[in-house]
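For reference, the structure is listed below as structure tokens.
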Amino acid sequence: MRYVAAYLLAVLGGNESPTSKDLKKILDSVGIETDDERLNKVISELNGKNIEDVIAQGNGKLASMPAGGAVAVSAGGVSAAPAAGAAAPAAGEYD
């Protein structure tokens, strides 16, 4: 993800075709070490493509994925009140 973010920053900064040197400079500026293999993979996948089209395609793919984070959970009769047999001690009971 860091390599994609650096690529996007370079493109947004006006560099239509960032090189590995450009991306390393961006990542080094914030103290991130780079893996040349991964860096070159991102560059080869994105180089020559319109970044706005790539983002639009990604959004389309994300929209088709189920995103149900909520899970139906039954309370099962659990309540915040103490159980019927566990009443609080009466005043003065432990004096």
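In what follows, every heavy atom counts, from backbone to side chain, and hydrogens, waters and symmetry copies are set aside.
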Mind checking side-chain contact (heavy atoms from CB on, under 4.5 Å) for N50 and listing every partner two or more places apart, or none if nothing turns up?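 Scan of N50 (side-chain contact (heavy atoms from CB on, under 4.5 Å), adjacent residues dropped) gives E52, D53.
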Set of side-chain contact (heavy atoms from CB on, under 4.5 Å) partners for L9, sequence neighbours left out: I26
So do the side chains of [X] and [Y] get within less than 4.5 Å of each other, counting heavy atoms only?
X: Y3; Y: T34; value: yes
X: I55; Y: L8; value: yes
X: D28; Y: K25; value: no

To the nearest 0.5 Å, what is the distance between [atom1] on [X] and [atom2] on [Y]?
X: S20; Y: Y7; atom1: OG; atom2: OH; result: 12.0 Å
X: N47; Y: E16; atom1: CG; atom2: CD; result: 10.5 Å
X: R2; Y: L39; atom1: CZ; atom2: CG; result: 11.0 Å
X: I51; Y: L46; atom1: CD1; atom2: CG; result: 4.5 Å

Looking at K41 and E45, is any side-chain nitrogen of the basic one under 4.0 Å from a carboxylate oxygen of the acidic one? yes
Taking all atoms of both residues into account, what is the closest heavy-atom pair of L23 and P18, and its distance?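 Closest heavy-atom pair between L23 and P18: CD2-CB, 3.9 Å.
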Do D22 side-chain atoms and T19 backbone N/O form a donor-acceptor pair below 3.5 Å? yes
Ignoring hydrogens and geometry, is there a side-chain-to-backbone donor-acceptor pair from N40 to D36 under 3.5 Å? yes
Do L27 and L12 belong together in a cluster built from hydrophobic side chains that touch within less than 4.5 Å? no
